[in-house]
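Down below is the structure, laid out as structure tokens.
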Amino acid sequence: MTRTGPGPRGNEGDGAPAFSALLEDSAEDLYENAPCGYLSTRLDGRIAKVNTTLLTWLGYTRDQLVGHRRFSDLLAVGDRIYHETHFAPLLRMQGEVGGVALELLTAGGGRLPVLVTSMVRTGPDGEPLLIRTTLFDARDRRAYERELLRARREADRERARLQRLASTLQRTLLPPALPEVPGVRTAAHYHIASPDQVGGDFYDLFPLAGGRWGLFLGDVVGKGAEAAVVTSLARYTLRAAAVSDPDPVAVLARLDAALEQEYRGDDPRYCTVVFGLLTPSPDGCDLTLASGGHPPALLLRADGTAEYRHTPGGQIVGILPEARFASSDVRLEPGDTLMLYTDGITEARTDAARNRYGEEALLDFATALAPTTAAEAVAATTGLLAGFGDGLDDDTAVMAVSVPAPGGRDG
Amino acid sequence: MNTRDRNNVVLLGPEDGPVVMLAHGFGCDQNLWRLVAPRLAEDFRVVLFDYVGSGRSDLSAWREERYSTLDGYTEDVLEICRELDLRRVVFVGHSVSAMVGVLAAAREPGRFAGLALLTPSPRYIDDGDYRGGFSEADVDELLESLDSNYLGWSATMAPVIMGNPDRPELGDELANSFCRTDPDIARVFARTTFLSDNRADLAGVTLPTLVVECAQDALAPPEVGAFVHARIPGSRLVTLDATGHCPQLSAPEATSRALAAFAAEIR
């Protein structure tokens, strides 16, 4: 039998030399027909050399570009400014710039998105000689990036919308301004920990029959929409309860019953709150306070002392069956200030070891302030909160009531 | 934080030398002066800084309202001068900083001895017979260009800004990124730079003034340099045989020579 066709050896002989001939292709052809654009420019930007790929992309002849145009002439105007202010300086300083997104203008007036990388070629003594640039077609990638950018902007807009919603909701949970109480000065501040979420703190001050006033300040466990529902329920329940029976213990009992009724079962909702009944008198005012598990009120006296006013026996509202509340009376003389606050302030982290600010430091702070006024106490506390910076991660509400001292700053 | 840290102020040269303050323009930071600062520091007390929002300034001090007009950048300059108690300052402003210098000198004329305006433009947008070289649509396109390079920025910069100690390699990249700015900040600086109009402020300059332009500059063409020169009484115009908007990089010897001669003359 004679061999009629190429054997394995023959195959090797036919195919391999042809393929290696392809690999031994001239550097010239590699340059001209590379899958990317090549451009060499003088230091002043004038084009000295350009490959066929780039000429084809742009629709120019070699003669139209070489010696006549600068690299920046090929750029759309916005990119030309970007080139002058970012690309060129960076290239001079670093000798190399990579992965910059630019748009080239084609001869036909179209635009070609490219990713550009440039290197400065230096001589033996390090002196810059010319700039070599490679350009990759980035149409697909740019479309993808635009989509990412659009999605990011959309997300930014959504976040702004959410923040607007949260702040609108927040406003409905707080009085727009405290009403004027005859013979008494009042002030309040609300620190929002996150603009994305409705806070769980609340306060209010409102008139009752017989020249008396109701006031409360509290903290619902949790934050966000769920907490806002409880906050809203607490605020309206407290106001309604105070109208029918302003006794602070009775008011807290009503809130406890309302929360228990609304959130019975395996989804209990609870809050801490201090409720006060305020009765102005000719030279001061009387307060009856009842607390449901809330941090004690601070009393800053006209004589420069400060103390906590505990209301013993008060239990957290909404969690315990048959919660008990007790009240205590406070008399504010001229120059005295009473301050209510939520625990965001005492729980704030004050150092790298994440130590909390604490009740002791707050008492020292209050002692240094006394004697003071409602407005000054709230302003100073606002400053204190701001000073915590990132250490303050919870919402914080502060409300103060003071009786003007004769000849005092707020008389 | 003090102004010196906020603006990443760097001092070079003899402490008792005449003060030359070098102010960078839109795009990069004080690194742009790296080829001329050593030469100037031979004879002068050289003050380098980054505007808030640029380079290694304290980004947390940046406020959009403040840096939406050139007054905010002017305040940066004056606050640095006040804190370091700089007097008889020769202010060298590149690009948009040239107009910052004009505004600063108008605000506190006693503090400055002279102004060197490097490739200045009092207005980039064409207006009637005035040719700034650009239209408002061009500026919108620039803002798009900034956006196009937004993603690359976020990828490398966001972890740095959020403080990522477990990725120290990002710090090296940062050192290598003189022209990278938070895109939101860059947008504001770009708008302020390219939409401001300070033509009317030029006539009020009473200090000795040197205008330095490049023979070939896509951002500040010769007509604009001539305009600035004509409007500032008694100013001198030097045209460098250089290309581009940054002669301190493309022609550092000629640039430092011109600046040193001017500063020496008016000291």
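Here is how names work: the chains are called A, B, and so on, in the same order as the sequence lines, proteins then strands, and each is numbered from 1. Hydrogens, waters and symmetry mates are skipped; everything else that's a heavy atom, side chains included, is used.
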* Could you tell me whether B/Tyr67 and B/Tyr73 have their ring centroids closer than 6.0 angstrom? =>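 Yes, ring centres under 6.0 Å apart.
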
* Kindly say whether the aromatic ring centers of A/Phe87 and A/Tyr82 come within a distance under 6.0 Å. => no

* With sequence neighbours left out, write down each residue that passes salt bridge (Lys or Arg N to Asp or Glu O under 4.0 Å) with B/Arg39, or none if nothing qualifies. =>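 So B/Arg39 forms a salt bridge (Lys or Arg N to Asp or Glu O under 4.0 Å) with B/Glu42, B/Asp43.
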
* **Interface residue of largest heavy-atom contact number with chain A, from B/Asp140, B/Val139, B/Thr193, B/Asp138, under 4.5 Å** => B/Asp138

* To do: With a 4.5 Å cut-off on heavy-atom pairs, point out which of A/His83, A/Glu103, A/Arg92 contacts chain B the most.
  => A/Arg92

* To do: Let me know if B/Phe134 has heavy atoms under 4.5 Å from chain A in its side chain, its backbone, both or neither.
  =>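 Just its side chain gets close to chain A.
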
* To do: Check each atom of B/Gln216 against the heavy atoms of chain A and say whether the ones under 4.5 Å are side chain, backbone, both or neither.
  =>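 Contact with chain A is through the side chain of B/Gln216 alone.
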
* Could you tell me whether the side chain of A/Thr117 and the main chain of A/Gly99 form a donor-acceptor pair under 3.5 Å? =>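 Yes: the side chain of A/Thr117 pairs with the backbone of A/Gly99.
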
* A/Ala76 portion near chain B, given a 4.5 angstrom heavy-atom threshold -> both

* Asked: Could you go step by step and tell me if B/His245 and B/Asp217 meet the side chain to side chain donor-acceptor pair (under 3.5 Å) rule?
  -> CA-CA 5 Å; B/His245 192 56; B/Asp217 180 349; 2.9 Å; yes

